[in-house]
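As the structure is a computational prediction, the values presented were derived from the model and not from experiment. Throughout, a chain's letter reflects where its sequence line sits, starting with A, and its residues are numbered from 1.
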There are 2 protein chains.
Amino acid sequence: MLMVDRLRRIVELLRTHGSLSVAFLAGETGVTEQTIRRDLDRLAAQGQVIRSHGGATPPPSEPGDDCFTARLSQAADAKRRIAMAAVALVRPGEHIMLDAGTTTLAIARLLAGHDRIKVITNSVPVATEMAQRPASDIVLIGGELRVSTLSTVGPMARESFGRLHVQKLFLAASGIDAERGFTNSNLAEAEIKQAMIAAAEEVYAVADGSKLGRVLLYSFAAIEQVKALITTANAPHEALEAIRMRNVDVILV
Amino acid sequence: MLMVDRLRRIVELLRTHGSLSVAFLAGETGVTEQTIRRDLDRLAAQGQVIRSHGGATPPPSEPGDDCFTARLSQAADAKRRIAMAAVALVRPGEHIMLDAGTTTLAIARLLAGHDRIKVITNSVPVATEMAQRPASDIVLIGGELRVSTLSTVGPMARESFGRLHVQKLFLAASGIDAERGFTNSNLAEAEIKQAMIAAAEEVYAVADGSKLGRVLLYSFAAIEQVKALITTANAPHEALEAIRMRNVDVILV
DNA sequence: CTTTATTTTCGTTTTCTTTCAAATTAGTGA
DNA sequence: TCACTAATTTGAAAGAAAACGAAAATAAAG
């Protein structure tokens, strides 16, 4: 096991367990306590962990600085423009699905104004955002809650999506590539996205330009499965062309 | 247990209990009174607690603590005491259900510290609260989202509960009466509560004293269906007696 | 004045730091 | 490609520091 892997592992273990002793981490990683101490010193210098006598604790997660809200503020304007283009596609009275993600959250924010639209989602932030407006009609899909994205996954969620049928799905993806299709770094989420795609008549992918040409671990759909991709103009030109060649509309905002 | 964990625990216990003796803290944390004294000295030096002869008290609340917020936190204090009694019933490794409500939200807040507990809920606030802590294992029940309570209801939620099985359910109710049982003013929620009760081995009702003797529109359970009622001492005495007569434990906090 | 709590002191245990050597890895130049 | 050197990582051991518990002396509370 490489040292970087071990460091990552330590951070991960601390995040899930709350706080751990040097001895435990040594046993868990198969190295000496000495080495763990050195690792913790290093991680503490980077602010990744808080060192304490006998062990370490994860860094305090201030409200509004976790990974989710951090991503939220990033490129807020681009996301809003994408969201506006997405909302323009929605007709009154339609049933739509919203994937979990910051771009889809921006869609929810705009959509909250529209009446008579039923929104189905597995994202807790999307649901709470929609609930702000009284006239909304929301179905929240149940399942195991993924803490990092605040969305539900697992068999229960997959099955729930399997029974539903909607006109439009707005799909988020961390990686979009003409060849490899849509990819994601988490298996459970990839499975849910597949279930959502199966439940929708038309699928619209929403993602800022940085996601184009990126390929991640789990692939969950071919590029042809979506009707259109809504993205920003900073996407790599050749990636966009390759997608257009496969009969997917590209909407640039 | 690391020292930092113990220090955190002490602060937490003081915050919830109000003020505690050195002996109690020693018993609670499994160390000598001597060590507790040293801990308290340390915490007092940081201003985290106020030292006093024989024990310590939590730090004074923030300035700008007017009469209104005092009353507010008083109600919060009642809920927290109920929540503490509820959490004391939970054993490590158990699966529990949390109903939607402010008292159950207080339970979630306390429960978030416990490891290895799986929480099933239909309440979005409860789920997000639990998700704050890394080590939590949460199942969010899906369904139509009721905007006013941010909880899911409807056939989908009912069915989901129908497939689950947990050791303990902490049930909230707007009205509790020995004769009329548990009542609620919303039909959809009443139905969900019935489904939850059916899915749990043991049901514990949690409600502040003002709910006792009240009867609302929809009744969803008889008083005998719960194992115990956790409530505050300000509940009407005759209402409590009537409930006790029906073999329901009453836990006053 | 009695009881209880605190401080002080001391020894034991645990954890940390420092230092050194072996092992691994990366880089260099023939 | 093949040694050779330098840097990094890791483990081991010894001394320093911290945490903890126990007991005696002191202070506080009723």
* Which nucleotide in the set dT6(C), dT17(C), dT19(C) lies at the smallest distance from any side-chain heavy atom of Arg38(A)? -> dT19(C)

* Arg244(B)/Glu241(B) ion pair, N-O < 4.0 Å -> yes

* Tell me which nucleotide among dT10(D), dT8(C), dA13(D) gets nearest to the side chain of Met3(A). => dT10(D)

* To do: Would you mind telling me which of dA13(D), dT10(D), dT7(C) lies closest to the side-chain atoms of Arg37(B)?
  => dT7(C)

* In terms of heavy-atom contacts, does CD of Glu202(B) have more than 12 from other residues, nucleotides or ligands at under 6.0 Å? -> yes

* Within less than 4.0 Å of OP1 or OP2 of dT6(C), is there a side-chain N or O belonging to Arg51(B)? -> yes

* **Arg38(A) and Asp41(A) ion-paired at < 4.0 Å** => no

* Structure fact -> Of dC16(C), dG11(D), dT6(C), the nucleotide closest to the side chain of Thr32(A) is dG11(D)

* To do: With the side chain of Asp39(B) defined as its heavy atoms from C-beta on, choose the nearest nucleotide among dC20(D), dA5(C), dG11(D).
  => dC20(D)

* To do: Indicate whether OP1 or OP2 belonging to dT10(D) is found under 4.0 Å from a side-chain N or O atom of Arg6(A).
  => yes

* Asked: Hey, are Glu189(A) and Lys193(A) close enough for a salt bridge, meaning a charged N less than 4.0 Å from a carboxylate O?
  -> no

* To do: Between dA23(D), dT15(C), dT10(D), spot the one nearest the side chain of Thr35(A), thanks.
  => dT10(D)

* Which part of the nucleic acid does Ser52(B) contact within heavy-atom distance under 4.0 Å: base, sugar-phosphate only, or nothing? -> sugar-phosphate

